[in-house]
Amino acid sequence: MARSVQEIRQEIQKLSLVEKEDLLRALVIELDVAADPEIDALWLDEAQRRGQEIDEGLVQCVPAEDVFKRLESTLKK
């Protein structure tokens, strides 16, 4: 019989930080492997389109630092 998610969560709480990090990496890899190839292709197309827009000067990039400052300011309101 399979264990419930609650039981698994309780076991995870008993793990060391290193063990939790290992588990997290394994879960991310597991989820990534299950990705849909069509969706991956669409994301690749989107990334290439955006890269081309940047290269051609059609859009202006905003430094991440500025984005995070704006976000922080917005969240404080």
Side-chain angles (χ1 to χ4, degrees):
M1 176 184 249
R3 292 178 290 169
S4 70
V5 173
Q6 182 60 31
E7 290 172 320
I8 295 170
R9 284 183 178 157
Q10 289 172 350
E11 288 184 39
I12 290 170
Q13 290 174 345
K14 297 174 189 174
L15 298 175
S16 70
L17 182 57
V18 171
E19 292 170 319
K20 288 176 183 176
E21 289 172 352
D22 277 350
L23 178 59
L24 180 58
R25 283 189 186 91
L27 289 170
V28 168
I29 290 169
E30 178 72 22
L31 290 171
D32 194 39
V33 170
D36 183 337
E38 279 187 53
I39 293 174
D40 287 345
L42 291 170
W43 275 115
L44 179 58
D45 290 345
E46 180 67 14
Q48 290 172 333
R49 182 187 65 77
R50 290 180 184 194
Q52 186 174 359
E53 287 177 346
I54 292 168
D55 291 343
E56 294 174 359
L58 299 173
V59 295
Q60 182 178 3
C61 295
V62 178
E65 184 178 305
D66 293 349
V67 172
F68 290 123
K69 283 180 182 177
R70 284 189 227 162
L71 179 60
E72 185 177 338
S73 174
T74 300
L75 291 174
K76 285 181 179 179
K77 292 180 181 178

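For the numbers below, each heavy atom of this structure counts, side chains included, while hydrogens, waters and symmetry mates do not.
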Legend entry - Any residue meeting side-chain hydrogen bond (donor to acceptor under 3.5 Å, both in side chains) with R50, in chain and number order, not counting sequence neighbours: E46
Legend entry - From K20 atom NZ to D22 atom CG, the distance as rounded to the nearest 0.5 Å: 13.0 Å
Legend entry - CZ (R9) with more than 12 external heavy atoms under 6.0 Å: no
Legend entry - Distance in Å, E38 CD paired with D40 CG, rounded so as to fall on 0.5 Å steps: 10.5 Å
Legend entry - Reported CD-to-CZ distance for the pair Q10 and R3, which is rounded to 0.5 angstrom: 11.0 Å
Inset, instruction - Rounded to the nearest 0.5 Å, what's the gap from CD on E53 to CG on D55? Could you check? - result: 10.5 Å
Legend entry - Cluster companions of I39 among Ile, Leu, Val, Met, Phe, Trp, Tyr (side-chain spacing under 4.5 Å): W43
Inset, instruction - Would you confirm whether T74, through its side chain, and R70, through its main-chain N or O, come within 3.5 Å as a donor-acceptor pair? - result: yes
Legend entry - For Q52, side-chain hydrogen bond (donor to acceptor under 3.5 Å, both in side chains) partners two or more places apart: E56
Inset, instruction - Any chance you could measure L42, atom CG, to D36, atom CG, to the nearest 0.5 Å? - result: 8.5 Å
Inset, instruction - Could you check V28, V18, I12, I8 and say which one makes a side-chain contact (heavy atoms from CB on, under 4.5 Å) with L23? - result: I12
